[in-house]
Amino acid sequence: MCYCERLPKMARFGAPRDRKRPLAPRSRLFRPWLARVCRWHRLSSIFLRLNGWTPVSYSDHPRSQAADARGEGVRVRFAPSPTGFLHVGGARTALFNWLFARNQRGTFILRIEDTDLERNRPELVEGILDGLRWLGLDWDEGPFYQSQRLPGYAAAAEKLLSKGAAYLCHCPPEKYAGGDSADEAGTAKSEIKRIVRCSCRDAKPSTADQNPAVRFRVPLGTTTRFDDAVFGPREIHNDEMEDFVLLRSARSASGGTALPTYQLGAVVDDIDMRITHVIRGADHISNTPKQILLYRALDAVPPVFAHVPLILGPDRTRLSKRHGATSVSSYRDEGFLPEAFRNFLALLGWSSGDDTEMFRTSDLIQRFSLSGVSRTNAVFDRAKLEWFNQQYLQKLPLEELLPAIQAELEKAGLWRPEWGASQREWFARTVDLLRPRTRLLSDFSHWARAFFTDDFDYDLAAREKFWKDERLPDLLTRLTDELAALPDWTHDACDRALRQLAEKAGVKAALLINATRVALVGQPVAPPLFDTMLVLGKERVVGRLRRALPAISARSAAG
RNA sequence: GGCCCCGUGGUGCAACGGUUAGCACAUCGGCCCUUCAAGCCGGUAAUACGGGUUCGAUUCCCGUCGGGGCUACCA
């Protein structure tokens, strides 16, 4: 492909503007010349190689859609490791991959990176898949398990060994292990000299050692460059890169013979799966040069790399268990809607370019672009997440909401089958009445419990506040009788009965309204009283008032 | 410690060398009112600091400070 296609200023194809990526001085200098060359001869890849650029295609560009039409579409992957649940950072990475794939009409692949025998928990895979399904992130291929693809990694290592791009290392793992990252004390960090240039690099391979590790032989004396689709051009001198391990020795704590490390596994699979764009967390950015070297050594063209900024906790450190709920499933269990969660997540580190915040999934797909991804770490703000949930709870078509609320009620043991059948209309009406006051699905089974069962308690603060007046027992007894005698159970009839009683007694209607609300639903907060009476029905209203009377008398007598 | 990245209100984003620095969440006040939400109206609140470059810098460059990442036979 032609390098000029990647140049922001040459947006004559209608490329999305590249907002935050200054060109490197070198490319700034060469741009006019380069543009001409590209236009005339399309010699860009040669130019690139001459200048040490990695010839990768930058497909966040309308051109890639043309490529797609030719059957050379975008292929991305999400590659979690089953060492824990699906956390919000991973979910966001998955979401960005998915959005990019859908936007480009490409392929989204799921791969499980389970090459660490010590830390893997196979039973966690299902939880990760569940989390992705809940978020609606459907994958087109996979899940593939690296543990089932071991021969491929060994073969790749063999190939590298045979061409001298890798060597056998006979050192015990402990020699380089531990170090600073392991000990929290923080002492002696300054002593660590980390560039591993093992003596085995130049030694004759020993036949005595049956269980060597395989290390990559980093080509010294040059630099490795790549152009991150988010962070822009970067380079690192190879001398600063260690001879990282490709294949672990049998002595490794993490497993047995010939297990690949992340670097090898990811690269071999990404080549194998023809991944065109690697979209992953920014914590991988310093791995990227190593992997580019691996691609080259394996005679493959590196994909586009797009690193997305990290998600931080409120204290601006990396989000972790310390910060409370970090797993996607905990948000599901708390009563968040996947649509809301997805919308919120999408805005963590990405923006459409304008001030729009509410995105339907189709909008998200249509508007997503790697050039809109930020380089700044983002703090996870639960308050805003709740706001999004509230918005969706209120704006989603009722029919789409009902199943989620049914699930919530089932979970709480409150669900009655007739609400899905003969009383479906009542159920829909009740949900519609309740939802303006809800923020979470769980509000339906907690706060609004009295709408779905007679088994509920009277809120203490509500009793204290609204059942205090000593006239209440008498007034509510009379109200109950009047309501019971009502020929038509309508909003206006109830309204009239209550207000007339209040007027006759010379009290504010609000006194009766508030006291009645607590008697009916046990809460100080509920939908407008007469709407509430309507969905509850006459029997229940009268019954609940009678039931509450003794408690009201007790409270008002107490003063 | 070394290498690297990132700094716009408390939080998420916008401003692509020229705006009274915009939007949203949160927060505070008002309206509405049958409680609480919602809604509407309004307020407080930011370019980390210091140098350059420029007629002009949130924007480009350098330094300082702050935060983060990496520094594993983890991923």
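Chain naming here is simple, since letters A, B, ... match the order of the sequence lines and numbering starts at 1 in each.
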message: Could you tell me how far G52(B) sits from A14(B) if I compare only their P atoms? Round to whole Å.
response: 30 Å
- request: Find the distance D228(A):CG to G69(B):P and express it as a whole number of Å.
  value: 18 Å
- prompt: Just to confirm, is there a sub-4.0 Å distance from OP1 or OP2 of C70(B) to any side-chain nitrogen or oxygen of R318(A)?
  reply: yes
- prompt: Which value, in whole Å, describes the distance between the P atoms of nucleotides A46(B) and G10(B)?
  reply: 7 Å
- prompt: Reckon L310(A) touches a base, only the sugar-phosphate, or nothing at all at heavy-atom distances under 4.0 Å?
  reply: sugar-phosphate
message: If you go through the side-chain atoms of K384(A), does one of them form a donor-acceptor pair with the base of A24(B) closer than 3.5 Å?
response: yes
task: Determine the interatomic distance between P on U53(B) and the same-named atom on A45(B); round to the nearest Å.
output: 33 Å
query: If you look at every strand shown and take non-hydrogen atoms under 4.0 Å, does T83(A) touch a base, only sugar-phosphate, or nothing?
result: nothing
- request: Grab the CD1-P distance between I285(A) and A75(B) for me, whole Å please.
  value: 20 Å
field: Any R316(A) side-chain nitrogen or oxygen under 4.0 Å from OP1 or OP2 of G69(B)
entry: no
- prompt: When we call it a touch if two heavy atoms are under 4.0 Å apart, what does H307(A) touch: a base, just sugar-phosphate, or nothing?
  reply: nothing
- prompt: Is any side-chain N of the basic residue among R111(A) and D270(A) closer than 4.0 Å to the acidic one's carboxylate O?
  reply: yes
message: Just to be sure I understand the rule, does E357(A) reach a base, reach only the sugar-phosphate, or reach nothing, if contact means heavy atoms closer than 4.0 Å?
response: base
Euclidean distance, atom CZ of residue F530(A) to atom C1' of C33(B) [Å, nearest integer]: 14 Å
- line: Among C25(B), G12(B), G39(B), the one nearest any side-chain atom of Q391(A) is G39(B)
message: Over all strands shown, is Q390(A) touching base, sugar-phosphate only, or nothing at heavy-atom distances under 4.0 angstrom?
response: sugar-phosphate
- prompt: Are side-chain N/O atoms of S556(A) and R471(A) paired as donor and acceptor at under 3.5 Å?
  reply: no
- request: Find the distance N343(A):CG to G12(B):C1' and express it as a whole number of Å.
  value: 12 Å
query: Considering only the C1' atoms, how many Å lie between A38(B) and C70(B), rounded to the nearest integer?
result: 47 Å
- request: Would you classify R382(A) as touching base, sugar-phosphate or nothing, given that sugar-phosphate means primed atoms plus P, OP1 and OP2, and contacts are heavy atoms under 4.0 Å?
  value: nothing
- request: Using only heavy-atom distances, decide whether a donor-acceptor pair under 3.5 angstrom links the side-chain of D355(A) to the base of G22(B).
  value: yes
- prompt: If you measure only the distance, is there a donor-acceptor pair under 3.5 Å linking the side chains of N287(A) and Y262(A)?
  reply: no
message: Side-chain N or O of T438(A) versus OP1/OP2 of A37(B): is the shortest distance under 4.0 Å?
response: no
- prompt: Atom CG of N389(A) and atom C1' of A38(B): how far apart are they, to the nearest Å?
  reply: 15 Å
field: Pair Q394(A)-R435(A), side-chain donor/acceptor within less than 3.5 Å
entry: no
P gap between U44(B) and C62(B), integer Å: 37 Å
Whole-Å distance separating the CD1 atom of I236(A) from the P atom of G2(B): 16 Å
task: Establish whether the base of C73(B) is bridged to the side chain of S249(A) by a donor-acceptor pair shorter than 3.5 Å.
output: yes
task: Check every strand shown and say whether G349(A) touches a base, only sugar-phosphate, or nothing at a heavy-atom separation below 4.0 Å.
output: sugar-phosphate
- prompt: Under 4.0 angstrom, heavy atoms only, what part of the nucleic acid is A383(A) near: base, sugar-phosphate, or nothing?
  reply: sugar-phosphate
- request: Determine whether any donor atom in the side chain of R375(A) lies under 3.5 Å from an acceptor atom in the base of C6(B), or the reverse, and answer yes or no.
  value: no
query: With a non-hydrogen cut-off below 4.0 angstrom, is A378(A) in contact with a base, only sugar-phosphate, or nothing?
result: sugar-phosphate
P spacing across the pair G22(B) / C28(B), given as an integer number of angstrom: 23 Å
message: Assess whether a salt bridge exists between R119(A) and D116(A), defined as any Lys/Arg side-chain N lying under 4.0 Å from an Asp/Glu carboxylate O.
response: yes
message: Between P on U71(B) and NE2 on H284(A), what's the gap in Å once rounded to a whole number?
response: 10 Å
- prompt: Just checking E386(A): base, sugar-phosphate only, or nothing, at a heavy-atom cut-off of under 4.0 Å?
  reply: nothing
task: Could you check which of C5(B), A75(B), C25(B) has an atom nearest any side-chain atom of D381(A)?
output: C25(B)
query: Under 6.0 Å between ring centres, would you say that holds for Y458(A) and W467(A)?
result: yes
message: Rounded to whole Å, please give me the gap between NZ in K395(A) and P in A24(B).
response: 12 Å
message: Just to be sure I understand the rule, does P314(A) reach a base, reach only the sugar-phosphate, or reach nothing, if contact means heavy atoms closer than 4.0 Å?
response: nothing
message: Heavy atoms from C-beta onward define the side chain here; which of A26(B), A75(B), C73(B) lies closest to that of T115(A)?
response: A75(B)
task: In plain terms, say whether K384(A) and E357(A) are close enough for a salt bridge, that is, a side-chain N and a carboxylate O under 4.0 Å apart.
output: yes
- prompt: Which is true for F380(A) with a 4.0 Å heavy-atom rule: it touches a base, it touches only sugar-phosphate, or it touches nothing?
  reply: nothing
task: Give a yes/no verdict on a cation-pi contact between R449(A) and F451(A), requiring under 6.0 Å between NZ or CZ and the six-membered ring centre and an angle within 45° of the axis.
output: no
query: On a whole-Å scale, what distance lies between the C1' atoms belonging to U59(B) and U47(B)?
result: 10 Å
